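Each remark here refers to the structure printed beneath this line.
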Amino acid sequence: MERIPGTAAVICEFNPFHYGHMRVLAEAKRRAGFVCGIMSGSLVQRGYPACADRYLRAAAAAECGYDAVFSLPFPYSCLSARDFASAGVKIARSIGMSVIVCGAEDPGSVRAAASILCDTGFAGRADELIRAEKRLSYPKAVARIIADAAGDKIAADMAKPNNILAAEYIRASAAVSGPPVEVVQRGAGEESAGSLRSRGAGMTEGIPEPARRFFFDTVPDSALDAYLFSALKTFSGDMTLLYGIDRTLAGRLARAATAAEKPEDMVPLCRSAAFTDARVRRALISLLFGITREQAAADPEYTLLLSARAASTPVIRNISGISEIPVITRPSDAAGFPGFIREAKAESLLRTLYGSPDARSRTPYIQGADE
């Protein structure tokens with residue numbers, strides 16, 4: 001795959017865009033003249049709806065200096081860390097990026113853990129542990145293997161979500177001969193996206209000024225819960241055919257379907273040592289949208305250009321010319337892809353939360369187009 005010199009990708013959610021994303025951008029700009037985001041759509045990795053429409057979040061990034069934002073389409077944006085990272089890396093590789101840059105709290109621990117994840121025997125050891133201990137989740141199996149190989153300190157560091165994703169980017173890139181991954185230090189005291197979202201209307205105080213206008217009207221993490229609750233109560237098929245649901249979790253979901261009296265009951269009724277809140281929420285999303293294991297395992301068919309800086313147009317044209325997957329500027333042009341049909345179904349529901357226009361009529365936000 002041809003790599004375009006002087007280009008970098010940041011796999012991201014911008015949920016919301018905050019000062020940590022500015023720090024990663026600054027680090028990426030030290031390595032490349034062109035920096036793009038590969039950003040989740042309206043559903044994000046921990047099983048929530050994004051706080052704002054994907055075009056608004058991409059516009060915020062463009063106003064703050066990102067040269068372009070491409071989509072990490074549904075359903076890849078709401079898969080496990082391992083599968084989310086794999087899809088993001090494949091898009092970065094397909095569009096010719098020369099490096100992937102990500103932020104983490106403990107870059108040294110990430111590199112040590114990634115070397116373990118990249119070992120050819122790692123997957124087999126993790127599967128063996130999970131088979132031996134039915135209540136052991138994949139993240140806990142990984143932590144145990146890392147502790148045995150590298151010590152408890154590194155294993156403890158790898159409980160942090162940004163560290164986990166950074167290590168998974170390295171593993172995913174090694175698996176497909178993708179761009180090298182450079183892990184940069186997150187700034188001390190940077191407020192997390194989750195903390196900002198918990199502020200509700202006050203979140204804009206923690207957002208860079210050029211991006212604030214895109215986050216004045218946001219939705220809470222719970223905005224999709226009524227739909228998830230309805231899907232849980234009415235589902236009648238074989239849950240184990242869906243992504244992220246094994247027989248044990250299917251049993252918990254079935255019992256929750258009977259016992260849950262309100263949306264707030266769903267996740268606590270399914271939670272266990274093996275099933276984190278995020279995994280349960282992703283399973284509920286699989287129920288709602290019918291995400292199968294085969295769909296989640298397939299490579300991304302396309303990416304949407306969501307925003308760009310006008311000055312970056314020549315590089316974006318170059319990307320479109322060499323990309324191994326179509327770079328779509330008008331979503332209607334992707335109508336022939338089975339994956340887009342599934343994404344359009346999800347977006348049609350989610351736009352009722354955001355009050356946003358029909359996704360099929362949207363076009364990229366261009367920063368500086370009138371200058």
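Heads up: numbering here begins at 1 and tracks the sequence. Everything quoted here is computed from the prediction, not taken from an experiment.
Comment: Arg362 engages Asp53 in a salt bridge, judged by a side-chain N to carboxylate O separation of less than 4.0 angstrom. Between Glu133 and Lys140 there is no salt bridge, since no side-chain nitrogen of the basic residue lies less than 4.0 Å from a carboxylate oxygen of the acidic one. By the 4.0 Å N-to-carboxylate-O rule, Asp246 lies close enough to Arg279 to be salt-bridged with it. Under 4.0 Å is where a charged nitrogen must lie from a carboxylate oxygen, and between Asp67 and Lys29 at least one such pair does. Ionic pairing of Lys262 and Asp225 is not present here: no N-O contact between side-chain nitrogen and carboxylate oxygen is shorter than 4.0 angstrom. Ion pair Arg82/Glu168 not flagged as a salt bridge, since none of the NZ, NE, NH1 or NH2 atoms sits closer than 4.0 Å to an Asp/Glu carboxylate oxygen. Taking a cutoff of 4.0 Å between a charged side-chain nitrogen and a carboxylate oxygen, Asp148 and Arg144 do not qualify as a salt bridge.
With hydrogens and angles ignored, the 3.5 Å screen pairs a side-chain donor or acceptor of Lys233 with a backbone N or O of Ala260. Listed for the Arg282 side chain is a donor-acceptor partner under 3.5 Å among the backbone atoms of Gln45. Counting only distance, with no hydrogens or angles, the side chain of Tyr55 and the backbone of Thr363 share no donor-acceptor pair below 3.5 Å. Proximity of a side-chain donor or acceptor of Arg3 to a complementary backbone N or O of Gly178 within less than 3.5 Å is detected. Between the side chain of Thr303 and the main chain of Ser71, a donor-acceptor pair closer than 3.5 Å is present. The backbone N or O of Ser195 lies less than 3.5 Å from a partner atom in the side chain of Ser192, making a donor-acceptor pair. Ser77 places a side-chain N or O within donor-acceptor distance of the main-chain N or O of Leu43, the cut-off being under 3.5 Å. Under a 3.5 Å cut-off, the side chain of Ser230 and the backbone N or O of Ala226 do not form any donor-acceptor pair. A donor-acceptor pair under 3.5 Å is absent between the side-chain atoms of Arg271 and the main chain of Asp277, judged by distance alone. For the pair Ser323 (side chain) and Ser320 (backbone), a donor-acceptor distance under 3.5 Å is absent.
Applying the ring pair (Phe, Tyr, Trp, His ring centres under 6.0 Å) criterion to Phe289, with sequence neighbours excluded, gives Phe74. Under the ring pair (Phe, Tyr, Trp, His ring centres under 6.0 Å) criterion, Phe14 pairs with Phe17, His21, Tyr66, sequence neighbours left out. A search for ring pair (Phe, Tyr, Trp, His ring centres under 6.0 Å) contacts involving Phe214 returns Tyr365, not counting sequence neighbours.
You'll find the side chain of Glu301 reaches within 4.5 Å of the side chain of Pro338, heavy atoms only. Side-chain atoms of Ser173 and Pro180, non-hydrogen and from C-beta on, never get closer than 4.5 Å to each other. Side-chain contact check for Pro73 versus Ile91: some heavy-atom pair is nearer than 4.5 Å. Taking the side chain as every heavy atom from C-beta outward, Ile116 and Asp119 never approach each other to under 4.5 Å. The shortest distance between side-chain heavy atoms of Ile170 and Leu117 does not fall below 4.5 Å. Looking only at side-chain heavy atoms (C-beta outward), Asp265 and Phe229 stay at 4.5 Å or farther from each other. The shortest side-chain heavy-atom distance between Arg46 and Asp221 does not fall under the 4.5 Å cut-off. You'll find the side chain of Pro220 stays beyond 4.5 Å of the side chain of Arg197, heavy atoms only.
Within a 6.0 Å radius of CG in Asp127, more than 12 heavy atoms belonging to other residues, nucleotides or ligands are found. Counted within 6.0 Å of CD on Glu128, heavy atoms from surrounding residues, nucleotides or ligands total 12 or fewer; the atom is thus considered open. In this structure, Arg330 places its CZ atom where only 12 or fewer heavy-atom neighbours from other residues, nucleotides or ligands lie under 6.0 Å away.
Taking all atoms of both residues into account, the shortest heavy-atom contact from Val101 to Arg31 is CG2-CD, 4.0 Å. When all heavy atoms are compared, the tightest approach of Ile11 to Val89 is CD1-N, 3.7 Å. Contact detail for Ala311 and Pro314: the closest heavy-atom pair is O-CD, 3.6 Å. Nearest approach of Ser40 to Arg54, heavy atoms of both residues: O-CB, 4.4 Å. The two residues Met22 and Pro208 have their closest heavy-atom pair at CG-CG, 3.7 Å. For the pair Pro331 and Leu304, the tightest heavy-atom approach, listed with the atom from each and the gap, is CA-CD2, 4.2 Å.
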message: What verdict does the side chain to side chain contact (heavy atoms under 4.5 Å, CB included) test give for Arg93 and Glu324, after you've listed the backbone C-alpha separation in whole Å, the side-chain angles of each residue and the deciding distance to 0.1 Å?
response: CA-CA 9 Å; Arg93 178 185 180 278; Glu324 293 182 334; 3.0 Å; yes
field: Audit row: Phe235, Leu242, side chain to side chain contact (heavy atoms under 4.5 Å, CB included) steps and yes/no
entry: CA-CA 12 Å; Phe235 188 84; Leu242 300 178; 3.8 Å; yes
field: Trace of the side chain to side chain contact (heavy atoms under 4.5 Å, CB included) decision for Leu353 with Leu350
entry: CA-CA 5 Å; Leu353 304 181; Leu350 291 158; 3.8 Å; yes
- prompt: Yes or no on side chain to side chain contact (heavy atoms under 4.5 Å, CB included) for Leu284 and Met266, after CA distance, side-chain angles and deciding distance?
  reply: CA-CA 9 Å; Leu284 291 167; Met266 297 182 296; 4.1 Å; yes
task: Test salt bridge (charged side-chain N to carboxylate O under 4.0 Å, His left out) on Arg30 and Glu27 and set out the steps.
output: CA-CA 5 Å; Arg30 292 174 55 193; Glu27 290 289 343; 3.0 Å; yes
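The CD1 atom of Ile100 lies 10.5 Å from the CD atom of Glu182; values are rounded to the nearest 0.5 Å. The distance from the OG1 atom of Thr204 to the CD atom of Glu209 is 10.5 Å, given to the nearest 0.5 Å. Expressed to the nearest 0.5 Å, how far OG1 of Thr352 lies from CG of Leu224 amounts to 8.5 Å. Interatomic distance, CD1 of Ile146 versus OG of Ser115, reported as 9.0 Å (0.5 Å rounding). Once rounded to the nearest 0.5 Å, the distance linking OG of Ser312 with CG of Asn318 reads 12.5 Å. In this structure, CZ in Arg212 is found 8.0 Å from CD1 in Ile207, a value given to the nearest 0.5 Å.
The hydrophobic cluster containing Met39 also contains Ile328, counting ILVMFWY residues as joined when their side-chain heavy atoms lie under 4.5 angstrom apart, directly or transitively. In terms of hydrophobic clustering, with Ile, Leu, Val, Met, Phe, Trp and Tyr side chains grouped at heavy-atom distances under 4.5 Å, Leu349 and Ile285 are assigned to a common cluster. Note on Val44: it does not cluster hydrophobically with Leu228, by side-chain heavy-atom contacts below 4.5 Å among ILVMFWY residues.
Remark: Arg252 fails to qualify as a cation-pi partner of Phe275 under the 6.0 Å distance and 45° angle criteria applied to the six-membered ring.
There is a side-chain donor-acceptor pair under 3.5 Å between Asn163 and Asp106. Side-chain contact check for Glu343 and Tyr302: at least one donor-acceptor pair (N or O, by modelled atom type) lies under 3.5 Å. With no hydrogens or angles considered, a side-chain donor-acceptor pair links Tyr243 and Ser80 at under 3.5 Å. Counting only N and O atoms by type, the side chains of Tyr48 and Asn15 include no donor and acceptor under 3.5 Å apart. With 3.5 Å as the limit, one finds a donor-acceptor pair spanning the side chains of Glu347 and Ser42.
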